[in-house]
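What follows is one structure encoded as structure tokens, with my remarks underneath.
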Amino acid sequence: MNDTRKVVIGITGGIAAYKVPLLVRLLHKNGCEVKTVMTAAAKPLVGVEALRTLSGNPVYLDGESYYDMGHIRLSDWADVLLICPATANTIAKIACGIADNLLTTLSLSVPEEKIIVAPAMNCVMWANGATQANINILVDRGITVLPVEDGELACGVSGPGRMIGVEEIARRVLAHGGGAGESMSRLLEGKNVLISSGPTEEPIDPVRVITNKSSGKMGAALARAALSSGARVTVVSGPASEPLPAGAEVVSVRTAAEMGREMGERFGAADICVMAAAVSDYRPVNSSDTKLHRSDNKNITLELTPNPDILAKLGAAKRPDQLLVGFSLESGDDVSRAEAKMKRKNCDVMVYNRVDAALGGDSTCFTLLFADGRKESFSVMDKTEAAKIILANVINLAICN
Ligand code: CTP
């Protein structure tokens with residue numbers, strides 16, 4: 001496969017079709033050449049002119065191109081056929097080998113290993129036995145079927161069936177078959193990414209500290225993802241167990257005050273800053289230089305004073321050309337606390353995750369909150385994968401702003 005990945009996007013009649021122009025732009029920015037094919041049902045949902053302008057190519061509709069062997073020319077041209085959004089109806093037709101429009105005919109003439117399907121539908125239709133059987137047929141034949149999201153659907157109900165975010169779809173298309181796009185390839189070339197990682201430690205005496213269970217796995221995964229996107233990466237890390245990638249500049253700190261100072265000094269040079277560290281909110285008012293000794297088995301009181309909020313300070317200093325990402329670790333399902341933190345700390349993206357699903361482990365499930373009010377939820381996945389998704393979304397903001 002050569003460097004320019006040729007992608008045909010087949011758009012069917014799901015409401016998520018309105019997101020395809022953004023996907024076209026994202027793929028184009030990542031060095032893909034894109035052509036689009038629409039079914040009749042998709043036509044009212046997305047602008048032909050927008051697709052033509054963003055892809056720089058004609059939009060293929062049923063009619064002339066169909067009878068003119070257009071499907072064969074497109075199938076010869078394509079490295080990837082992405083069907084997005086893929087309705088239950090089109091999925092069923094592909095499973096049965098029905099070829100009653102340009103897109104389904106094209107699907108029959110492209111080798112299965114080149115096809116990616118991004119389903120989008122109502123949760124009842126998604127759960128229906130026929131749809132699930134059809135999905136299995138596609139997978140058995142070697143077609144890549146992307147997952148769906150669980151969330152609010154256009155029809156007003158909530159459940160699994162929503163199309164995954166276009167950033168993630170772009171990432172999968174770029175990674176499909178290896179080669180040119182294993183990551184959001186080199187999109188951060190020349191950019192500085194500053195990441196805080198791990199826990200902080202607040203000394204009580206030379207032996208004891210106040211700290212937390214952060215492993216630094218997410219910070220390390222973010223650093224790896226940023227490096228593979230071509231960025232210069234600096235990690236200001238508390239005492240974490242997880243090793244950091246060799247290509248990153250690592251600044252080791254212990255306390256929140258040290259982390260705040262090091263982050264503050266480097267923030268001006270950063271294009272993207274991610275506060276993934278679990279910063280201790282309090283430190284002892286007095287820390288002893290010598291080991292504190294037990295005294296007569298009596299209770300003792302440790303007086304704590306708040307640490308400065310590093311992220312809020314960075315948010316206050318942020319320039320319009322910088323992107324700031326925070327993490328919000330919460331005990332419950334209520335995202336409103338994370339939303340409030342995002343506003344208070346002036347972040348562009350807030351990663352909301354639950355304590356029980358994220359802290360210390362190898363996996364996480366999370367919701368991305370964006371300053372414009374958008375929300376994208378992701379189910380449990382490995383932190384390496386999660387870091388790639390988080391970064392892909394930040395890169396998308398950088399491109400589209
Ligand atoms: N953070 C920070 N400085 C602090 C505390 C937190 O920079 N002193 C950052 C974290 O790195 C994270 C975000 O703020 O990106 C949210 O941290 P979190 O612990 O979820 O929230 P807090 O602001 O500490 O609020 P609370 O403890 O009340 O949930």
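Numbering of ligands and ligand atoms starts at 1, following listing order.
- Considering backbone and side-chain atoms alike, P308 places an N or O below 3.5 Å from some N or O of ligand 1.
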Full working for salt bridge (Lys or Arg N to Asp or Glu O under 4.0 Å) between K114 and D79: CA-CA 6 Å; K114 288 189 177 181; D79 294 318; 5.1 Å; no
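- Shortest contact from atom 16 (C) of ligand 1 to any protein heavy atom: F327 O, 2.8 Å.
- Residues C32 and T4 fail the side-chain proximity criterion, which asks for heavy atoms closer than 4.5 Å.
- Proximity to G326 (heavy-atom distance under 4.0 Å) selects the following atoms of ligand 1: 15 (O).
- In terms of polar-atom proximity, defined here as any N/O pair under 3.5 Å, A276 makes no such contact with ligand 1.
- Protein heavy atoms come within 4.0 Å of atom 26 (P) of ligand 1.
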Taking only distance into account, with no hydrogens and no angle test, what donor-acceptor pairs under 3.5 Å do side-chain atoms of residues 136-148 form with protein atoms, sequence neighbours excluded?
unit_1: N136; atom_1: ND2; unit_2: Q132; atom_2: O; d: 3.4
unit_1: R141; atom_1: NH1; unit_2: I94; atom_2: O; d: 3.3
unit_1: R141; atom_1: NH1; unit_2: A95; atom_2: O; d: 3.3
unit_1: R141; atom_1: NH2; unit_2: A95; atom_2: O; d: 2.8

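- For the pair K345 and ligand 1, the shortest N or O to N or O distance falls below 3.5 Å.
- When all heavy atoms of L81 and G10 are compared, the closest pair comes out as CD1-N, 4.3 Å.
- In terms of protein heavy-atom proximity, atom 7 (O) of ligand 1 is closest to L311 N, 2.7 Å.
- Each of the following atoms of ligand 1 lies closer than 4.0 Å to a heavy atom of L329: 20 (O).
- By the 3.5 Å distance cut-off applied to N or O atoms, K341 is counted among the residues near ligand 1.
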Side chain to side chain contact (heavy atoms under 4.5 Å, CB included) evaluation trace for N57 with E33: CA-CA 9 Å; N57 278 311; E33 190 175 349; 3.5 Å; yes
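- Remark: E202 pairs with T200, I210, T255, A256, S280, R283, P284, N307 by the side chain to side chain contact (heavy atoms under 4.5 Å, CB included) rule, at least two apart or across chains.
- The shortest N/O to N/O separation between R337 and ligand 1 falls below 3.5 Å.
- Heavy atoms of A277 come nearer than 4.0 angstrom to ligand 1 in at least one pair.
- For ligand 1, the atoms sitting less than 4.0 Å from at least one non-hydrogen atom of S328 are 20 (O), numbered in the order shown with element in parentheses.
- Taking distance alone, with nitrogen or oxygen atoms compared against 3.5 Å, I310 approaches ligand 1 more closely than that limit.
- Residue-to-ligand polar distances place D281 within reach of ligand 1: an N/O pair is separated by less than 3.5 Å.
- Classification of E339 and K343 as a salt-bridged pair fails, no side-chain N sitting under 4.0 Å from a carboxylate O.
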Working for salt bridge (Lys or Arg N to Asp or Glu O under 4.0 Å), residues K345 and D309: CA-CA 9 Å; K345 305 188 190 210; D309 190 323; 2.7 Å; yes
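- Under the 4.0 Å criterion applied to side-chain N and carboxylate O atoms, R171 and E167 are not assigned as salt-bridge partners.
- Evaluated for a side chain to side chain contact (heavy atoms under 4.5 Å, CB included) with V24, the options L51, I11, V166 yield exactly one hit, L51.
- Looking at M275 next to ligand 1, an N or O pair under 3.5 Å apart turns up.
- The shortest N or O to N or O distance between V279 and ligand 1 is not below 3.5 Å.
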